[in-house]
2 protein chains.
Amino acid sequence: VTGAVAFDDRGLTLGDGLFETILVRDGQPVLWQEHLERMAAGCAVLALPDAPLMQAADLGMRALEAADLMRGRAALRLTLTAGAGGRGLDRPDDLVPRLFATAAPAPMPATPARAIVSSVRRNAGSPASRLKSLSYLDNVLARRQARAAGADEAVMLNTDGHVACAAAANLFWLSGGMLVTPALECGVLAGLMRAAVIGRARSGGIAIIEEKAELSALAGAEAVWLTNSLVGVRPVAWLHGRGLAPHPLTETLCALAADLV
Amino acid sequence: VTGAVAFDDRGLTLGDGLFETILVRDGQPVLWQEHLERMAAGCAVLALPDAPLMQAADLGMRALEAADLMRGRAALRLTLTAGAGGRGLDRPDDLVPRLFATAAPAPMPATPARAIVSSVRRNAGSPASRLKSLSYLDNVLARRQARAAGADEAVMLNTDGHVACAAAANLFWLSGGMLVTPALECGVLAGLMRAAVIGRARSGGIAIIEEKAELSALAGAEAVWLTNSLVGVRPVAWLHGRGLAPHPLTETLCALAADLV
């Protein structure tokens with residue numbers, strides 16, 4: 001990793017900023033436009049200028065080249081901070097956001113996941129809960145709980161007890177013959193793979209319900225899947241003490257996202 | 001500001017870390033030991049090694065000298081990050097936290113505050129809500145709402161609707177002849193000035209109740225105060241549309257903290 005930000009950068013001091021993690025295959029980013037649009041939408045929510053996104057393609061290409069990742073699968077991260085901040089919470093009048101890119105090898109398409117239910121709740125009462133923001137400590141703490149329990153991922157509920165998403169993935173499950181995913185208003189990260197799976201499923205005549213769901217719905221599900229931009233659709237084989245048998249719908253869902261992973 | 005952190009620092013990429021803001025008068029930090037103890041306690045909650053705190057005094061002194069702030073009032077900030085992180089939420093096995101210090105002139109003892117009630121909620125369901133963490137975006141957003149409304153500070157409720165604290169201060173109010181402050185379990189930053197005021201008031205025979213309070217309790221209060229380490233006790237003169245007359249208890253409360261500001 002080359003490059004640094006100054007001690008007074010608000011991304012560092014206050015988590016004031018956003019990021020995107022983009023799958024790149026042989027130098028070709030997947031869902032590139034969608035990632036940029038999501039970051040621009042997040043900038044609007046946070047009232048940050050999105051002008052630096054014009055440099056995203058250049059910065060991304062240079063990061064991939066510097067990491068020697070123009071071949072194979074890479075995870076490209078774009079990070080946008082609110083820039084130099086001075087002291088305190090108030091942004092300076094002459095705010096200049098900063099964009100930088102880093103690249104790393106992408107994780108391999110994963111084996112079925114083991115997931116716990118974390119005690120760390122998501123905050124549906126903040127717009128940040130739907131954004132990939134630089135204030136990601138709750139997700140870090142939830143994932144730590146998963147690792148401490150010998151699991152790979154952590155399911156997070158919101159403070160009302162509704163199922164939201166995993167620390168670094170969205171959730172889908174099969175319950176009573178219906179495919180379900182939590183509604184964004186539950187404090188759910190607005191995942192691009194989530195949106196792709198929902199849209200493609202519906203186009204193919206497969207209904208997916210977005211709803212407020214209690215933990216009991218997830219706990220009693222016949223099958224559970226995680227989705228994110230790097231691994232696509234990943235089945236859950238163990239959920240908080242309960243084994244889940246392989247389910248034929250996994251193949252259907254993976255096929256929906258096959259060209260995106 | 002001199003110094004920088006690398007693009008892969010987890011404080012920058014994920015808000016994985018803590019900070020303290022310490023008032024320094026003529027080179028003498030106020031509540032120094034309490035600040036270090038709070039940061040160490042936060043490290044324990046986040047499972048971060050607190051060994052770097054041994055360098056805090058050296059780093060702080062150098063930051064004050066570099067900023068030419070060994071005279072007068074300075075705000076010294078200690079920032080502890082989880083260090084270099086690699087990709088993703090999981091901390092590396094060989095985690096090495098990083099501590100750095102910055103200094104700026106401290107804000108002057110403030111005039112009475114104008115405060116709104118923010119729509120951004122606090123997350124009582126995360127331990128981070130009680131810590132000065134690097135994931136402070138909710139506080140930034142709440143403060144922005146205050147500024148947009150021509151106010152100085154934002155009162156934040158938690159997702160259950162209970163009053164928590166302000167974006168960068170704790171709250172006290174007088175209601176039915178009783179002094180009240182929200183209980184820490186409401187998603188309240190565990191402020192050192194809050195603790196000092198409570199402890200000193202009780203020692204002086206003044207009761208302060210820590211409780212779960214509805215917004216209506218605050219909205220109907222006879223007097224409201226903000227506290228933090230830089231300004232001590234600050235009266236609120238306007239709260240979300242309602243003017244508050246000066247109250248004689250302000251002098252009492254300010255006197256409790258007079259030696260700390």
Side-chain angles (χ1 to χ4, degrees), chain A residues 1-17 19 21 46-47 75 77 79 81-82 84 86-91 100 102 104-107 119-129 131 133-144 147 157-160 167-168, chain B residues 1-17 19 21 46-47 75 77 79 81-82 84 86-91 100 102 104-107 119-129 131 133-144 147 157-160 167-168:
Chain A
V1 174
T2 55
V5 303
F7 282 167
D8 71 341
D9 186 280
R10 294 175 60 89
L12 171 63
T13 57
L14 297 164
D16 192 3
F19 71 100
T21 306
L46 302 185
R77 181 178 153 132
T79 303
T81 83
R87 212 205 65 71
L89 295 178
D90 294 311
R91 292 188 184 139
F100 63 87
T102 52
S119 66
V120 180
R121 298 297 180 99
R122 291 183 73 83
N123 180 5
S126 167
S129 65
L131 305 177
S133 85
L134 301 184
S135 287
Y136 239 46
L137 183 54
D138 288 345
N139 302 56
V140 171
L141 295 177
R143 174 65 70 78
R144 273 189 61 82
R147 293 295 185 195
L157 314 179
N158 68 19
T159 51
D160 293 329
Chain B
V1 173
T2 55
V5 304
F7 281 167
D8 72 341
D9 186 280
R10 294 175 60 89
L12 171 63
T13 57
L14 297 165
D16 191 3
F19 72 100
T21 306
L46 302 185
R77 181 178 153 131
T79 303
T81 83
R87 212 206 64 72
L89 295 179
D90 294 312
R91 292 188 185 139
F100 63 88
T102 52
S119 67
V120 181
R121 298 298 180 99
R122 291 183 73 84
N123 181 3
S126 167
S129 66
L131 305 177
S133 85
L134 301 184
S135 287
Y136 239 47
L137 183 54
D138 287 345
N139 302 55
V140 171
L141 295 177
R143 174 65 70 79
R144 273 189 62 81
R147 293 296 185 194
L157 314 180
N158 68 20
T159 50
D160 293 330

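Sequence lines set the chain letters: A, B, ... in the order given, protein chains first and strands last, and positions in each chain run from 1.
Taking both residues in full, the closest heavy atoms of A/Val5 and B/Phe7 are given as CG1-CE2, 3.9 Å, listed atom of the first, atom of the second, then distance. The two residues A/Leu137 and B/Gly17 have their closest heavy-atom pair at CD2-O, 4.5 Å.
Considering only heavy-atom pairs separated by less than 4.5 Å from chain B, the leading option among A/Asp90, A/Asn158, A/Val140 is A/Asp90. Per-residue counts of heavy-atom pairs under 4.5 Å with chain B were compared for A/Asp9, A/Asn139, A/Thr159, A/Asn123; the largest is that of A/Asn123. Per-residue heavy-atom pair counts under 4.5 Å with chain B were compared for A/Gly88, A/Gly15, A/Ser119, A/Gly125, and the maximum is reached by A/Gly125.
A/Pro105 touches chain B through its backbone: at least one of N, CA, C or O sits under 4.5 Å from a heavy atom, while the side chain does not. For a residue to count as touching a neighbouring chain, one of its non-hydrogen atoms must lie under 4.5 Å from one of that chain's; by this rule A/Arg122 touches chain B with the backbone only. For B/Leu14, the parts lying near chain A are the backbone and the side chain together; criterion is any non-hydrogen pair under 4.5 Å. For A/Leu141, the part lying near chain B is the side chain, with the backbone staying farther off; criterion is any non-hydrogen pair under 4.5 Å. Looking at A/Leu46, the atoms closer than 4.5 Å to chain B (heavy atoms on both sides) sit in the backbone and in the side chain alike.
Listed by chain and number, the residues in a side chain to side chain donor-acceptor pair (under 3.5 Å) with B/Ser129 amount to none (sequence neighbours excluded). Every residue meeting the salt bridge (Lys or Arg N to Asp or Glu O under 4.0 Å) condition with A/Arg91, not counting sequence neighbours, appears here in chain and number order: A/Asp16.
The distance from the OG1 atom of B/Thr13 to the CZ atom of A/Phe100 is 7.5 Å, given to the nearest 0.5 Å.
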